Amino acid sequence: MAAAAAEPSSELPAQAAISCRGLVKRYGTVVAVDGLDLEVRAGECFGLLGPNGAGKTTTIEILQGLLAPDSGDVRVLGLTWKHHEAELRQRMGSQLQETKLAEKLTVREMLTLFRSFYQRGASPDHVMEVVQLTEKQNAWVSKLSGGQRQRLAVACALVCQPDILFLDEPTTGLDPQSRRQLWDVVLRFREGGGTILLTTHYMEEAERLCDRVAVMDHGRVIALGTPRQLIASLGAEHVVEFALADGAYLDDLVLRALPGVAAVRRDDGKTRLTVARVHETVPALLHLLGARGAALSELTTHHATLEDVFLGLTGRHLRDD
């Protein structure tokens, strides 16, 4: 095409579905996205993780062509919004944080309407089957449950048979069963060769769906890798969390001397130990507390998660506002 030929040559690797370099977006004095570099490979499910205000939604809206960056280069499917907006709109599907659907349309009518916006696409019947809404095809949108509405929102994004799918916190507020039903839809899309960019606050969701994740904070990527790689970066596989009665605490140096302890952190009145050998650390901790005459008020253990990664990197929880 002439427009593509007139455009400067791209440095985007052939396997990249999304690439941005030096992306910046400001709102007054607030820098929402701060020189972001990001690359999403074709055919992968890529997760953006971070607390509210980290810049995730601003980033995904820029990549979708809904916001213009103040500076930086953005390419989606090797194309730019400046030169190829019409083509990109035909090749991508989007599910936003809040999708407003016409209450008095049926599921079939809603999908038929969205299908009419695209030159190519799947039939409403096929998409309803994919998202398990066939039995609700004649139900008004207003009569759907929260999980059914979310699946319909994703169906509206899938009806154009997109090459890339943007999902911005798709399962927020859903019950566990509805969440897993949506996971199945996402996994089937990826298995069919589609690319997914996903934002989420649910760490189990990111670990289940994402091939790679980028942890964002203050508009920048502060860690990038597979879920397994990021969890391994903690240096241990388990977390022991405890609190002592009467607000007492043990010195960090004493705790670091316990067998298997890789790191010590204080958080909200509790002490968190990242440990490699929980079966050795817990008995040694209990022995230490007994020798010091300290009483436990709480003790829990769990396998390290992406939540622990983020807390270790920033000192904050992923759900902190």
Side-chain angles (χ1 to χ4, degrees), residues 31-32 34 36 47-56 59 169 172 198-210 212-321:
V31 181
D34 189 9
L36 183 71
L48 282 181
L49 310 183
N52 292 337
K56 305 187 307 298
T59 297
E169 300 187 18
T172 296
L198 169 79
T199 72
T200 182
H201 275 144
Y202 296 106
M203 294 305 93
E204 181 188 3
E205 183 164 281
E207 292 179 29
R208 176 74 174 86
L209 298 179
C210 296
R212 292 189 302 147
V213 297
V215 180
M216 288 189 67
D217 194 27
H218 299 297
R220 295 185 175 185
V221 172
I222 60 174
L224 174 67
T226 68
R228 185 182 297 273
Q229 287 170 339
L230 292 180
I231 292 170
S233 72
L234 291 171
E237 297 181 354
H238 304 274
V239 174
V240 176
E241 186 173 87
F242 69 94
L244 302 181
D246 302 322
Y249 70 94
L250 298 176
D251 184 80
D252 286 7
L253 291 176
V254 174
L255 293 172
R256 287 194 180 95
L258 293 174
V261 173
V264 178
R265 180 176 293 277
R266 313 283 176 179
D267 177 49
D268 195 25
K270 300 176 183 178
T271 300
R272 298 165 58 89
L273 308 178
T274 305
V275 306
R277 303 183 300 278
V278 67
H279 62 287
E280 295 180 8
T281 304
V282 170
L285 173 63
L286 295 176
H287 178 77
L288 174 63
L289 295 177
R292 297 290 181 93
L296 280 170
S297 62
E298 182 178 340
L299 175 65
T300 61
T301 67
H302 65 263
H303 284 283
T305 67
L306 289 175
E307 175 77 22
D308 298 305
V309 173
F310 189 84
L311 184 60
L313 289 169
T314 69
R316 293 189 291 154
H317 290 277
L318 275 156
R319 297 201 186 195
D320 286 348
D321 291 331

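These numbers come from the heavy atoms of this one structure, side chains and all, not from hydrogens, waters or symmetry mates. Given the structure is predicted, the values throughout are model-derived calculations rather than measurements.
Contact of the Leu36 side chain with the Arg220 side chain is not registered, since no non-hydrogen atoms from C-beta on lie closer than 4.5 Å. Side chains of Val213 and Leu224 form no contact here, defined as non-hydrogen atoms less than 4.5 Å apart. Side chains of His201 and Lys56 form a contact here, defined as non-hydrogen atoms less than 4.5 Å apart. Residues Thr271 and Arg265 form no side-chain contact, since every pair of their non-hydrogen atoms from C-beta on lies 4.5 Å or further apart. Side chains of Leu250 and Leu244 form a contact here, defined as non-hydrogen atoms less than 4.5 Å apart. With contacts defined as side-chain heavy-atom distances shorter than 4.5 Å, the pair Leu288/Leu258 qualifies. Proximity of Met216 to Ile222: side-chain heavy atoms (C-beta onward) are nowhere separated by under 4.5 Å.
Contacts classified as salt bridge (charged side-chain N to carboxylate O under 4.0 Å, His left out) and involving residues 246-262 (residues at least two apart or in different chains) are given here: Asp252-Arg266. Identified under the side-chain hydrogen bond (donor to acceptor under 3.5 Å, both in side chains) test for residues 275-290, with sequence neighbours left out: Arg277-Glu280.
Contacts of Thr274 classified as side-chain hydrogen bond (donor to acceptor under 3.5 Å, both in side chains), with partners at least two apart in sequence or in another chain: none. Legend: residues meeting side-chain contact (heavy atoms from CB on, under 4.5 Å) with Ser297, ordered by chain and number and at least two apart, are Ala243. Residues forming a side-chain hydrogen bond (donor to acceptor under 3.5 Å, both in side chains) with Glu169 (at least two apart in sequence, or on another chain): Thr172.
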Under 3.5 Å, which donor-acceptor pairs do the side chains of residues 229-238 form with other protein atoms, sequence neighbours left out?
residue, atom, partner, partner atom, Å
Gln229, OE1, Thr226, N, 2.9
Gln229, OE1, Thr226, OG1, 3.4
Ser233, OG, Leu230, O, 2.4

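Summarising the geometry of Leu49 relative to Ala206, their closest heavy-atom pair is CD2-CB, 3.9 Å, with the distance given to 0.1 Å.
Put simply, the side chain of Asp34 never gets that close to the backbone of Val31: no donor and acceptor are under 3.5 Å apart.
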